[in-house]
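So the structure is just underneath, and the comments pick up after that.
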Amino acid sequence: MDLLSGERATESDHITEVKQIVDMSEEKKSPDGNGKVSRVIRIGTRKSQLACIQTDSVAAKLKELYPDLHLEIIGMTTTGDKILDTALSKIGEKSLFTKELENALERNEVDLVVHSLKDLPTTLPPGFTIGAVLKRENPHDAVVLHPKHAGKSLDTLPENSVIGTSSLRRAAQLKKRFPHLEFKDIRGNLNTRLKKLDEKADFAAIILAAAGLRRMGWENRISQILEPEDCMYAVGQGALAVEVRARDTDILEMVSVLHDSDTVLRCIAERAFLKQLEGGCSVPVAVHTEVKDSQLYLTGAVYSLDGSDSLKETMQASVAADDKSSEEPEEPVQHVGITASKISGEAQGRAERLGVDLANLLLSKGAKEILTVARQLNDAR
């Protein structure tokens with residue numbers, strides 16, 4: 001389904017336009033082998049192997065679309081990368097994996113940064129925006145079993161088997177679904193967590209995002225994909241985001257061609273839902289979204305820490321592209337931090353309202369009380 005019909009020129013026209021903007025830029029330049037001059041685009045990323053793979057994939061797409069671009073990738077270490085002995089939910093920092101990257105963006109040391117969208121808070125610092133949300137990889141969670149449990153599933157693991165996850169969202173859902181299992185925190189990047197699983201007998205399995213495993217080329221380690229009935233995913237999980245300075249209209253225009261319309265609308269609804277709930281990594285909030293026949297379906301849930309108390313509802317909204325053409329606003333409009341001027345503004349607005357409406361429905365049924373208790377218990381642990 002194309003939600004962009006009637007809203008933009010052909011992609012080739014758009015790319016040509018952006019090339020001209022980039023070529024005319026008076027910012028930092030670098031000569032190429034033909035004596036031409038083109039801008040150096042500096043891309044910030046975390047230094048982890050997965051983050052570098054994700055950033056390389058974005059850089060490759062940009063290079064394919066704009067062959068004259070000179071790209072420079074700059075790796076950085078974030079707070080979340082440094083603190084590995086504490087559960088993420090206990091650190092109390094909203095921008096664990098993004099703050100240092102955004103500082104570099106603010107100081108003009110980089111022109112754009114690539115994130116896993118689920119790491120980005122629903123409210124961005126002033127002056128920043130998400131200029132592109134790429135087509136989503138599988139957003140579901142995956143079970144990776146210790147080699148000695150090969151062939152089993154969470155259902156068939158022995159009583160009191162220990163499952164590693166640092167996510168309150170995963171633990172809350174799985175504790176209720178699989179009461180015979182125990183759950184303990186495990187931190188570190190993908191490589192570190194897999195090493196802890198394989199080389200020690202502490203964990204029978206760990207839970208990871210399927211998207212990360214697939215991007216690393218480790219699909220063979222996936223023992224089981226958790227369906228929404230077992231474990232719904234995190235807001236924005238599986239999607240990559242490109243964050244830029246909102247005032248850099250040339251960069252914003254350049255990266256906008258990377259937007260995937262369905263992913264944008266799904267993630268706007270998810271982020272609006274989380275923002276309205278005032279949730280974050282310190283409380284268990286989960287979602288599931290789908291676009292089908294121009295309808296956006298959003299399922300959202302909140303949980304107590306042990307999963308015994310929960311609220312879950314589903315709502316839907318039309319995200320069909322507008323039949324009538326409307327003029328683009330003079331100033332780009334952000335929807336929960338995302339700027340996507342080539343996608344129907346009406347559709348984006350409906351997606352955002354869907355998230356807010358679903359959150360308000362859960363709040364009217366007692367979600368605030370559940371999340372408040374969950375936050376207090378987590379702080380006291």
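The chain is numbered in sequence order, starting from 1.
- For the pair Q54 and S116, the tightest heavy-atom approach, listed with the atom from each and the gap, is NE2-OG, 3.3 Å.
- Every salt bridge (Lys or Arg N to Asp or Glu O under 4.0 Å) that E313 has, sequence neighbours left out, goes to K365.
- Using modelled atom types, one side-chain atom of H259 and one backbone atom of T339 make a donor-acceptor pair closer than 3.5 Å.
- In this structure, the side chain of Q224 engages the main chain of L154 through a donor-acceptor pair within 3.5 Å.
- For T314, the side chain to side chain contact (heavy atoms under 4.5 Å, CB included) partners are T299, not counting sequence neighbours.
- Of the options I130, V235, V113, a side-chain contact (heavy atoms from CB on, under 4.5 Å) to L120 is made by I130 and by none of the others.
- Put simply, the side chain of T263 gets close to the backbone of R136: a donor and an acceptor are under 3.5 Å apart.
- Rounding to the nearest 0.5 Å gives a distance of 9.5 Å between CG of L358 and CG of L363.
- No donor-acceptor contact under 3.5 angstrom links the side chains of D155 and S153, judged on distance only.
- R46 places no side-chain N or O within donor-acceptor distance of the main-chain N or O of H115, the cut-off being under 3.5 Å.
- Of the possible donor and acceptor atoms, none in the side chain of K175 sits under 3.5 Å from a partner among the backbone N and O of S308.
- The residues R214 and E219 are annotated as salt-bridged, a charged nitrogen and a carboxylate oxygen being separated by less than 4.0 angstrom.
- The structure places CG of L362 at 13.5 Å from NZ of K368, a figure rounded to the nearest 0.5 Å.
- Transitive grouping of hydrophobic side chains (ILVMFWY, heavy atoms separated by less than 4.5 Å) keeps L213 and L145 in distinct clusters.
- Residue I207 is not grouped with residue L197 when hydrophobic side chains (ILVMFWY) are merged at heavy-atom distances under 4.5 angstrom, including chains of intermediate members.
- Rounding to the nearest 0.5 angstrom, the gap separating the CZ atom in R375 from the CG atom in L305 is 10.5 Å.
- Taking each heavy atom of L134 and A239 in turn, the nearest pair found is O-CB, 4.3 Å.
- Of the candidates L252, I251, D111, R245 forms a side-chain contact (heavy atoms from CB on, under 4.5 Å) with just one, namely D111.
- Pairing each heavy atom of L296 with each of L354, the nearest pair is O-CD2, 3.6 Å.
- At distances below 3.5 Å, at least one donor-acceptor pair connects side-chain atoms of S256 with backbone N or O atoms of E253.
- One distance of note links NE2 of H335 with CD of E352; it measures 6.0 Å at 0.5 Å rounding.
- Nearest heavy atom pair, residue L371 against residue P284, reads CD2-O, 4.0 Å.
- Of the inter-residue distances, the one linking E182 atom CD with F203 atom CZ reads 11.0 Å to the nearest 0.5 angstrom.
- Judged purely by atom type and a 3.5 angstrom limit, R169 uses its side chain to pair as donor or acceptor with the backbone of M232.
- Here the shortest heavy-atom pairing between L298 and A269 reads CD2-O, 4.0 Å.
- Applying the side-chain hydrogen bond (donor to acceptor under 3.5 Å, both in side chains) criterion to D309, with sequence neighbours excluded, gives no partner residue.
- Looking at Y303, its side chain never comes within 3.5 Å of a backbone N or O of K176 through a donor-acceptor pair.
- The stretch residues 197-209 participates, sequence neighbours left out, in these side-chain hydrogen bond (donor to acceptor under 3.5 Å, both in side chains) pairs: D198-R221.
- Look at K99 and E106 and you find no salt bridge, because none of the NZ, NE, NH1 or NH2 atoms lies under 4.0 Å from a carboxylate O.
- Residues satisfying the salt bridge (Lys or Arg N to Asp or Glu O under 4.0 Å) test with R247, not counting sequence neighbours, are none.
- Each of T122, N360, D357 was evaluated against Q276; a single residue qualifies, N360, per the side-chain hydrogen bond (donor to acceptor under 3.5 Å, both in side chains) test.
- The main-chain N or O of K118 is never found under 3.5 Å from a side-chain atom of Q237 such that the two would form a donor-acceptor pair.
- Scored by the salt bridge (Lys or Arg N to Asp or Glu O under 4.0 Å) test, D230 finds R177 as partners (sequence neighbours excluded).
- Taking CD of Q173 as the reference point, atom OG1 of T165 lies at 10.5 Å (rounded to 0.5 Å).
- Looking at D262 and K135, no side-chain N of the basic residue comes within less than 4.0 Å of a carboxylate O on the acidic one, giving no salt bridge.
- A donor-acceptor contact shorter than 3.5 Å is absent between the side chain of S310 and the backbone of G307.
- Clustering ILVMFWY residues whenever any of their side-chain heavy atoms sit less than 4.5 angstrom apart, transitively, puts L240 in a cluster other than the one holding W218.
- Under a hydrophobic-cluster definition in which Ile, Leu, Val, Met, Phe, Trp and Tyr are linked whenever side-chain heavy atoms come within less than 4.5 Å, directly or via other members, Y297 and L274 are assigned to different clusters.
- For the pairing with Q316, the side-chain hydrogen bond (donor to acceptor under 3.5 Å, both in side chains) check across K292, E290, Q295 returns one residue only, Q295.
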